[in-house]
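Quick caveat, the model's predicted, so the values are computed rather than measured. Only heavy atoms go into these numbers, but all of them, side chains included; no hydrogens, no water, no symmetry mates. Numbers here simply count residues along the sequence, with the first being 1.
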Amino acid sequence: MRTIGVLLLRGSRMFDLAVIAEVWAQDRTDSGIGPFTVRVCAPGRGRTRVSPFGEVVATHGLSGLDECDLILAPGRDDPLAEVPAVARSALRRAHRGGATVAGLCSGAFTLAAAGLLDGRPATTHWRDLDALATAAPAAELRRDVLYTEQDGVLTSAGVVGGLDLCLHLVRRDHGAEVAARLARRLVMPPVREGGQRQYAEAPLPANASRPGIASTMDWAMTRLSDEIGVPDLVEHAGMSPRTFHREFAAATGSTPGRWLLVQRVQHAQRLLETTDLPVARVAERAGLGSAANLRRRLRAEVGVGPDSYRRTFRIPAGGVTVGAWASTSTSS
């Protein structure tokens, strides 16, 4: 029987705690999963307020982490909130003693405060990656992965990325068959395709304050399916190529060619999300020419191909189909 420790700090995210509970605290021995012992460890072993609401009562003080095989640090509502010195020491001591230590979502910041990310790969929610780079400058930041692992220290991407990490830990410690059975009980794929880049919000281009550039951008946005290129943008703007490139970069922070490509890829994403058009037709309507070019461009920009992207983000008429993941049992 493995012992799982949960580091409970003020502001710990209820969702991450629920993920941990769903994976390790539910009795699923009837499916050959577990058993596990879960310890909820907090400074002072008292009530701890969690986010967004409520309190959790710890079962152990921080010394309870010393005998755990696996320690999980949930994310917190404020990733930069101070981590008590006693908690930092407890994490370092447990890791030195051979425990695996994992941070879910912004729990990576808790590991960073303990110095456990120094010299190791790390990730977190895509919105907090720059902040993590500042908090853990000696870490090797990985921006487009669902989780990282090295030397018994793991981190995960945002929110549901914590569940990907937990399934990975089950698969690592108990085998692929057990992890697959658990994934079916959770009604999710055992391994998700791609990284978290496909979920990140694409940054909007800066406002084009120069009227000639703004009108040319608007003109291009209505003609993405046409075979227009940078020379056509230059001609529409009525500028010399050198002046146009300089003005465009000053207005948007991007080159014209890069901007045009991003707009086409984003248009293809919207078509994949909202229509049932064949991939080749999506490529044509987005101005990317062929299905092969769309696959290449989409993989370069978001890390997955069009078929995988559509499976992830397209909701079919009548609701989501889960049959591919569901087991014959409907109980959790």
[X] [atom1] to [Y] [atom2] distance, which is reported to the nearest 0.5 Å:
X: R285; Y: L294; atom1: CZ; atom2: CG; answer: 13.0 Å
X: D151; Y: R120; atom1: CG; atom2: CZ; answer: 4.5 Å
X: L8; Y: T48; atom1: CG; atom2: OG1; answer: 4.0 Å
X: H60; Y: D66; atom1: NE2; atom2: CG; answer: 11.0 Å
X: W126; Y: L132; atom1: CH2; atom2: CG; answer: 15.5 Å
X: R39; Y: S63; atom1: CZ; atom2: OG; answer: 8.5 Å

Original post:
Going through the checks in order, is the side chain to side chain contact (heavy atoms under 4.5 Å, CB included) test met by V265 and L261?
Top reply: CA-CA 6 Å; V265 170; L261 173 61; 4.1 Å; yes
Just by distance, do the side chain of [X] and the backbone of [Y] share a donor-acceptor pair under 3.5 Å?
X: S89; Y: V86; value: no
X: D118; Y: A138; value: no
X: H245; Y: P241; value: yes
X: H236; Y: A220; value: no
X: R92; Y: A114; value: yes
X: R47; Y: E55; value: no
X: R142; Y: T123; value: no

Residue pair [X] / [Y]: nearest heavy atoms and the distance that separates them:
X: M14; Y: F53; answer: CE-O, 2.7 Å
X: T148; Y: A122; answer: OG1-CA, 3.6 Å
X: P79; Y: F109; answer: O-CB, 3.2 Å
X: T275; Y: R310; answer: O-NH2, 3.0 Å
X: G61; Y: C41; answer: O-CB, 3.4 Å
X: S156; Y: G161; answer: CB-O, 3.5 Å

Subject >> Cluster link V40 to V57, ILVMFWY, side chain under 4.5 Å >> reply: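 No, because V40 and V57 fall into different hydrophobic clusters, even though each may have its own neighbours under 4.5 Å.
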**OP:** Flag yes if M221 and V230 sit in one hydrophobic cluster, no otherwise; membership is Ile, Leu, Val, Met, Phe, Trp, Tyr, and two members link when side-chain heavy atoms are under 4.5 Å apart.
**Re:**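 Yes, one cluster joins them.
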Original post:
If you measure from the Lys or Arg side-chain nitrogens to the Asp or Glu carboxylate oxygens, is any gap between R264 and E227 under 4.0 Å?
Top reply: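 Result for this pair is no, no salt bridge flagged.
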Subject >> Pair E273 + R270: basic N to acidic O under 4.0 Å >> reply: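 No, no charged N to carboxylate O under 4.0 Å.
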Original post:
Quick one: do the R172 and T100 side chains pair a donor with an acceptor below 3.5 Å?
Top reply: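 Yes.
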Original post:
Do the side-chain N and O atoms of S106 and T124 include a donor-acceptor pair separated by under 3.5 angstrom?
Top reply: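 No, no side-chain donor-acceptor pair sits under 3.5 Å.
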Subject >> More than 12 heavy atoms from other groups under 6.0 Å of CD on Q150 >> reply: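 Counting other residues, nucleotides and ligands, CD of Q150 exceeds 12 neighbours.
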**OP:** Taking atom CD of E177 as the centre, report whether more than 12 heavy atoms of other residues, nucleotides or ligands fall under 6.0 Å from it.
**Re:**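 No.
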Counting C-beta onward and ignoring hydrogens, is there a side-chain heavy-atom pair between [X] and [Y] closer than 4.5 Å?
X: L62; Y: L7; value: yes
X: F248; Y: T216; value: no
X: I213; Y: M239; value: yes
X: P74; Y: V6; value: yes
X: H168; Y: L154; value: yes
X: R10; Y: E82; value: no
X: S51; Y: R76; value: no
X: L165; Y: T155; value: no

Original post:
What's the verdict on side chain to side chain contact (heavy atoms under 4.5 Å, CB included) for V56 and S12, showing C-alpha distance, side-chain angles and the deciding distance?
Top reply: CA-CA 10 Å; V56 173; S12 291; over 6 Å; no
Subject >> Whether W24 and F36 hold their rings parallel, tilted or perpendicular, with breakpoints at 30° and 60° >> reply: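 W24 and F36: perpendicular rings.
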**OP:** For the pair C166 and L104, evaluate side chain to side chain contact (heavy atoms under 4.5 Å, CB included) and give the outcome as yes or no after the intermediate values.
**Re:** CA-CA 9 Å; C166 291; L104 276 61; 4.1 Å; yes
Subject >> Chi angles and distances behind the side-chain hydrogen bond (donor to acceptor under 3.5 Å, both in side chains) call for T3, T37 >> reply: CA-CA 5 Å; T3 302; T37 296; 4.9 Å; no
**OP:** Check the pair L169 / Y147 against side chain to side chain contact (heavy atoms under 4.5 Å, CB included), numbers first and verdict last.
**Re:** CA-CA 11 Å; L169 287 166; Y147 50 81; over 6 Å; no
Original post:
Yes or no on salt bridge (Lys or Arg N to Asp or Glu O under 4.0 Å) for R281 and D276, after CA distance, side-chain angles and deciding distance?
Top reply: CA-CA 10 Å; R281 184 65 180 134; D276 293 317; over 6 Å; no
Original post:
Do D30 and R185 pass the salt bridge (Lys or Arg N to Asp or Glu O under 4.0 Å) test, and can you show the C-alpha distance, the side-chain angles, and the key distance before you say yes or no?
Top reply: CA-CA 12 Å; D30 61 331; R185 296 288 291 267; 3.8 Å; yes
